[in-house]
Student: 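My structure is below; once you've seen it, I'll send some questions.
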Amino acid sequence: MIAACLIAAACFNVLPENVPELLVTEMGDKVETHEQWEHVRRPEIVKFFTDEVYGRRPVERPPHLGFSVAEPDRVMMDGAAVRKRIRVEYGGVGGTNSFVFTAFIPSAATNPAPSFVFICNRDPQENIDPERKCRSGFWPAEEIVRRGFAAITFFNGDVTPDCEHGRTLGVFAAFERNIYRKYRPYTVWGLLSAWAWGASRVLDWIETEPSLDAKRVAVIGHSRGGKTALVAAAYDRRFAMACSSCSGCGGAKLHHIDLPNSESIFQSVRGRHFWYCNQYARWVNADREMPYDQHAFVALIAPRLVCIGSATEDDHAGPAGEYWTGRLASPAWELYGKRGLVSAAFPAPETPQQDGCISYHIRTGQHDLTPYDWGVYMDFAKRHGW
């Protein structure tokens, strides 16, 4: 506990430097209303992160999209939930493809239930087993259901594999005309955007399911999945909440802050450049020269809910940078008459700050998503009437 407190104190002492202005347009005009934000500043931010970081998608909701029952519904969890296994089939210029997701819907719900859509980036058999023979704190489905939420998940690798050639498979094969071209356009989408696209297709299904409330859907992920959750909510405004666990560089971590032990753009791109569009590589070793930073990307989610989670032993993800992203994104919420991250200082471990529309907490421990983190995220949803 002493070591954790020292880490928290050290994080508090590290302050951002020369952070690009959130509420000043590229023409130098101050943004003072949410109308200016919606019509001028927000589109500027969307364009930058689309062209320079995550890439342009060839399609959003495709004309060819269908849902079918992958396995018969089953009552599980000692009667507490109905399990549904749904196949999402989609198609485009390159043909058709599909992926399957699992949904545990509370049996006791008298009204449509809110949902957590979990983007799983770990071994699905060990972490999201639909048979519940293998149970993991990474996705505590039983507890999620007990709290009154639908527990919904898919494996990111089923949308497209997490590797270089993933850009020739899955959604890429369906929607790109020439997936084997030698040089990809610099602004075409990367895997983070593709996985986020998959989360939106799950939300398409939720809108068709009477037992679920499509207006109360949170998208959640850890590490690269946490980056993906932010991308999903930034581009799809139907998600009412985004939960980003230990997402680091390319996720919730600010670049304009001196955290030498945290991941840089160079380290994130090295060996994993396919997560992003090719244009992102031009910011290697120029992290603090970017005209935008991740606080602006998180601000795209305003005025909806955001949860940012860190861990005391996860220097790689840069907890201080994740905290300051929440602080510096907050003025976007104020334009809507709401509060963002209500905080006077970096918090001690296990003391979530949840008085506004942005939740921040740091947990004692390592780079992980734990039942404690899930509890914080569910508590935040409950605070907002879910």
Student: Taking C-beta and beyond as the side chain, do Leu212 and Ile105 meet within less than 4.5 Å on heavy atoms?
Tutor: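 They are in contact (side-chain heavy atoms under 4.5 Å apart), so the answer is yes.
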
Student: Among residues at least two apart in sequence or on other chains, which ones pass side chain to side chain contact (heavy atoms under 4.5 Å, CB included) with Lys47?
Tutor: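 So Lys47 forms a side chain to side chain contact (heavy atoms under 4.5 Å, CB included) with Asp51, Arg56.
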
Student: Taking the basic N atoms (NZ, or NE/NH1/NH2) and the acidic carboxylate oxygens, is any pair closer than 4.0 Å for Arg383 and Asp355?
Tutor: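 A salt bridge links Arg383 with Asp355.
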
Student: Which pairs count as ring-ring contact (aromatic ring centres under 6.0 Å, His included) when at least one residue sits in residues 241-272, sequence neighbours excluded?
Tutor: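 Sorted pair list comes back empty.
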
Student: Enter the distance from Asn97:CG to Phe172:CZ here, rounded to the nearest 0.5 Å.
Tutor: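 Here the interatomic distance stands at 12.0 Å.
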
Student: Less than 4.0 Å between a side-chain N and a carboxylate O, is that true for Arg122 and Asp162?
Tutor: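 No, no charged N to carboxylate O under 4.0 Å.
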
Student: Mind checking side chain to side chain contact (heavy atoms under 4.5 Å, CB included) for Arg85 and listing every partner two or more places apart, or none if nothing turns up?
Tutor: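 If we apply the side chain to side chain contact (heavy atoms under 4.5 Å, CB included) test to Arg85, skipping adjacent residues, the hits are Ala70, Glu71, Arg83, Val100, Thr102, Pro130.
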
Student: According to the side chain to side chain donor-acceptor pair (under 3.5 Å) rule, which pairs have a member within residues 104-119, sequence neighbours left out?
Tutor: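 Side chain to side chain donor-acceptor pair (under 3.5 Å) check on residues 104-119 returns no pairs.
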
Student: Looking at residues at least two apart in the chain, or sitting in another chain, which of them share a ring-ring contact (aromatic ring centres under 6.0 Å, His included) with His64?
Tutor: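 Checked His64 against ring-ring contact (aromatic ring centres under 6.0 Å, His included); zero matches.
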
Student: Could you note down all residue pairs passing side chain to side chain donor-acceptor pair (under 3.5 Å) where residues 335-346 supplies at least one of them, sequence neighbours left out?
Tutor: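 Side chain to side chain donor-acceptor pair (under 3.5 Å) check on residues 335-346 returns Glu38-Tyr336, Tyr323-Ser343, Ser343-Gln353.
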
Student: Less than 4.0 Å between a side-chain N and a carboxylate O, is that true for Arg135 and Glu142?
Tutor: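 Result for this pair is yes, salt bridge flagged.
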
Student: ring-ring contact (aromatic ring centres under 6.0 Å, His included) with Phe116: which residues, sequence neighbours excluded?
Tutor: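 Checked Phe116 against ring-ring contact (aromatic ring centres under 6.0 Å, His included); matches are Phe149, Trp374.
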
Student: Residues in side chain to side chain contact (heavy atoms under 4.5 Å, CB included) with Glu21, at least two apart?
Tutor: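 Testing Glu21 for side chain to side chain contact (heavy atoms under 4.5 Å, CB included), a comparison that skips the adjacent residues, returns Val24.
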
Student: Taking side chain to side chain donor-acceptor pair (under 3.5 Å) as the definition, give me every residue that meets it alongside Asn121, ordered by chain and number, with sequence neighbours left out.
Tutor: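 So Asn121 forms no side chain to side chain donor-acceptor pair (under 3.5 Å) with any residue.
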
Student: Would you list the pairs meeting ring-ring contact (aromatic ring centres under 6.0 Å, His included) in which at least one residue belongs to residues 221-246, sequence neighbours left out?
Tutor: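 Output for this query lists Phe138-His222, His222-His367.
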
Student: Holding to salt bridge (charged side-chain N to carboxylate O under 4.0 Å, His left out), I want the full list of residues that pass it with Asp287, two or more places apart in sequence or in another chain.
Tutor: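 Testing Asp287 for salt bridge (charged side-chain N to carboxylate O under 4.0 Å, His left out), a comparison that skips the adjacent residues, returns none.
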
Student: Who are the side chain to side chain contact (heavy atoms under 4.5 Å, CB included) partners of Asp123, not counting sequence neighbours?
Tutor: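 Side chain to side chain contact (heavy atoms under 4.5 Å, CB included) list for Asp123, sorted by chain: Gln125, Glu126, Asn127.
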
